[in-house]
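Being a predicted model, the structure only gives us computed values, none of them experimental.
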Protein chains: 2
Amino acid sequence: MKLTAPSYLILGMLRLGIRSGYGIKKAADVSTKHFWPMSLAKVYPELASLEDAGLIVRSDDPHGARSRHSYEPTEAGEQALLAWLGSLRDAPPHVRDERLLRLFFADALPRDDQLALLRRLRESDEAAAAWIRQEIVPLAGAAEQAGTRFPVAVARLSADIYSFAARWLADFEAELAAETRSTGNDR
Amino acid sequence: MKLTAPSYLILGMLRLGIRSGYGIKKAADVSTKHFWPMSLAKVYPELASLEDAGLIVRSDDPHGARSRHSYEPTEAGEQALLAWLGSLRDAPPHVRDERLLRLFFADALPRDDQLALLRRLRESDEAAAAWIRQEIVPLAGAAEQAGTRFPVAVARLSADIYSFAARWLADFEAELAAETRSTGNDR
DNA sequence: GGAAGCATGTAAAGTGTTACATGATTTT
DNA sequence: AAAATCATGTAACACTTTACATGCTTCC
């Protein structure tokens, strides 16, 4: 079995004490989603592969009549995670942002629409920053008490980047608006 | 035909005066790659679809004995691009960054490896910022003279974000290093 | 004359998501 | 009692990339 980023995401979540596939998906949605989204349909087959490879062990942990599997990393699983964390080669980040693509081609728009586009972009970055600070940072902050500090650091970094982008866009917006007023040229 | 982001990327590049499929790929690699990577194997079928939909027209433009197709947006193509640029619904950005995933789980590493990881991350962000400023901004800046200002703005925004992230990581690195020295605790 | 770049396209493979299918438990 | 949440898993589909296949032109 070839281990990929989702494999390590799951190994890492298990190491943090999360037990079920459903739990991993939920945790990922409020923590790693911004830089590594993952669907449930990815989690379950990946758990099965990791078990086949001997990196995790499964035990039954039903809740009443509702079935539940409890997974834990094996010694080999822990080692695989550590090896990946310490490995030197970094795959370059992979971003797909339709909003930036719009901005890139915004010269085709009349000035008013350019300003509206910039405003929407800024607002969505502001909303993302606010959401991370309100929903994610407090959760991760709780874990910080237990000596797990990197999740909260990553959440703060993400929020700060969104805020930085929002400020940048606000400045550009102001510059463009000022130009429009002084020249009266809407192109 | 359902138009997707790659369709508009191609329409937008054609509108900027790029003519061939190969040229579109090359231009995308030095401009939109950071927020919308695209392979040649995507470009050619997409051009064919856009032609079938009547949004672009193809003409032959051989260079000696080497065949070349020259594409141009039709009136309908221009309208489709403008409609997309002005449309209100934004698909949320989609990021996959294995480096941040590593950072998120870095609590599992000994302190020295944590610092090394932070340093690598910072250096790769610094390199990305430098690369954009040296390779992309000058190219886009040339177009700015011709009244095309958004490409250079997006390039500067990207570079500034990378620089901001690098500074943030440097601060965190310093904080962690200071702690280590004062406590002598390598965890 | 060779290497790098220009130029077009297809096929296979990989990766991941949405939708489907099912059912128990907890909260309102 | 209904709705939300917990929980597991599969099948079909969508999207993209890597590799393959080919050949001309320009630069060194």
Side-chain angles (χ1 to χ4, degrees), chain A residues 1-10 13-14 18-30 32-52 56 58-71 91-98 101, chain B residues 1-10 13-14 18-30 32-52 56 58-71 91-98 101:
Chain A
M1 170 197 194
K2 200 188 137 201
L3 297 180
T4 60
S7 321
Y8 296 112
L9 172 46
I10 288 176
M13 288 295 183
L14 292 177
I18 293 157
R19 290 280 154 263
S20 71
Y22 184 87
I24 289 171
K25 162 64 173 163
K26 258 203 343 176
D29 278 349
V30 291
T32 54
K33 193 194 193 180
H34 287 92
F35 44 91
W36 205 281
M38 196 176 48
S39 68
L40 260 181
K42 183 80 203 169
V43 173
Y44 290 114
E46 189 69 38
L47 280 169
S49 299
L50 288 169
E51 201 197 354
D52 288 347
I56 60 177
R58 172 164 89 165
S59 50
D60 281 328
D61 179 26
H63 199 233
R66 184 166 61 195
S67 82
R68 183 164 58 179
H69 304 319
S70 182
Y71 295 91
H94 188 284
V95 180
R96 286 219 134 88
D97 192 341
E98 197 171 334
L101 206 53
Chain B
M1 172 198 192
K2 200 188 137 202
L3 297 179
T4 60
S7 321
Y8 297 112
L9 172 46
I10 289 176
M13 289 296 184
L14 292 177
I18 294 156
R19 290 281 154 264
S20 71
Y22 184 87
I24 289 171
K25 161 65 174 164
K26 259 202 343 177
D29 279 349
V30 291
T32 55
K33 193 194 194 182
H34 288 92
F35 44 91
W36 205 282
M38 195 175 49
S39 69
L40 261 181
K42 182 80 203 167
V43 173
Y44 290 114
E46 190 67 40
L47 280 169
S49 300
L50 288 170
E51 201 197 355
D52 288 347
I56 60 178
R58 172 164 90 165
S59 50
D60 281 329
D61 178 26
H63 199 230
R66 184 166 61 195
S67 82
R68 185 165 54 179
H69 304 320
S70 181
Y71 295 91
H94 188 283
V95 181
R96 286 217 135 89
D97 191 343
E98 196 171 335
L101 205 54

Quiz item: Going 5' to 3' along nucleotides 22-28 of chain D, which nucleotides have protein heavy atoms under 4.0 Å from the base (write B), which only from the sugar-phosphate (write S), and which from neither (write -)?
Solution: -BBSS--

Exercise. Supply the atom-to-atom distance B/K33 NZ to A/H94 NE2, rounded to the nearest 0.5 angstrom.
Key: 10.5 Å

Quiz item: For the pair made of CZ in A/R19 and P in D/dA7, what is the distance, rounded to whole Å?
Solution: 13 Å

Quiz prompt | Atom-to-atom span, NZ of A/K33 to P of C/dT17 - whole angstrom | solution = 11 Å

Quiz item: Counting only N and O atoms by type, is there a donor-acceptor contact under 3.5 Å from the side chain of A/R58 to the main-chain atoms of A/Y71?
Solution: no

Practice problem: Would you please test B/M13 and B/L9 for side-chain contact (heavy atoms from CB on, under 4.5 Å) and show each step? | Solution: CA-CA 6 Å; B/M13 289 296 184; B/L9 172 46; 3.9 Å; yes

Exercise. Using atom types as modelled and distance alone, determine if a side-chain donor or acceptor of B/K25 lies under 3.5 Å from a backbone N or O of B/S39.
Key: no

Practice problem: Determine whether the side chains of B/H69 and B/D61 contain a donor N or O and an acceptor N or O closer than 3.5 Å. | Solution: no

Exercise. Could you check how far NZ of B/K26 sits from P of C/dT8, rounded to whole Å?
Key: 12 Å

Practice problem: For A/R68 and C/dT26, give me the distance from atom CZ to atom C1', rounded to whole Å. | Solution: 13 Å

Exercise. Report the residues that fulfil ring pair (Phe, Tyr, Trp, His ring centres under 6.0 Å) with B/Y44, sequence neighbours left out, ordered by chain and then residue number.
Key: none

Quiz item: Roughly, in whole Å, what's the span from CD in A/E46 to C1' in D/dT8?
Solution: 16 Å

Quiz item: Under the side-chain contact (heavy atoms from CB on, under 4.5 Å) criterion, do A/I24 and A/M38 qualify, and how do the steps go?
Solution: CA-CA 10 Å; A/I24 289 171; A/M38 196 176 48; 4.1 Å; yes

Quiz prompt | Protein proximity profile, nucleotides 9-21 of chain D - base contact B, sugar-phosphate-only contact S, no contact -, cut-off 4.0 Å on heavy atoms | solution = BBB----SBB---

Quiz item: Which atom pair, heavy atoms only, marks the closest approach of A/I18 to A/A27?
Solution: CD1-CB, 3.3 Å

Practice problem: Let me know the distance between CE of A/M1 and P of C/dG14, rounded to the nearest Å. | Solution: 14 Å

Quiz prompt | Shortest non-hydrogen contact from A/I10 toward A/V43 | solution = CD1-O, 3.9 Å

Quiz item: Just how large is the angle between the end axes of the helix from C/dG1-D/dC28 to C/dT28-D/dA1, five pairs per end, to 10 degrees?
Solution: 50°

Quiz prompt | Pair B/R96-B/E98, side-chain contact (heavy atoms from CB on, under 4.5 Å): steps then yes or no | solution = CA-CA 6 Å; B/R96 286 217 135 89; B/E98 196 171 335; over 6 Å; no

Short N/O separations, protein against nucleotides 1-3 of chain C, under 3.5 angstrom:
none

Quiz item: Rounded to the Å, how far apart are B/L47 CG and C/dT8 P?
Solution: 8 Å

Practice problem: May I have the distance from A/D29 (atom CG) to C/dT17 (atom P), rounded to whole angstrom? | Solution: 11 Å

Exercise. Please determine if a side-chain N or O atom of A/Y22 lies less than 4.0 Å away from the OP1 or OP2 oxygen of D/dT8.
Key: no

Exercise. Output all residues satisfying side-chain contact (heavy atoms from CB on, under 4.5 Å) with B/L3, sequence neighbours left out; order by chain, then residue number.
Key: B/M1, B/S7, B/Y8, B/L50, B/L55, B/A80

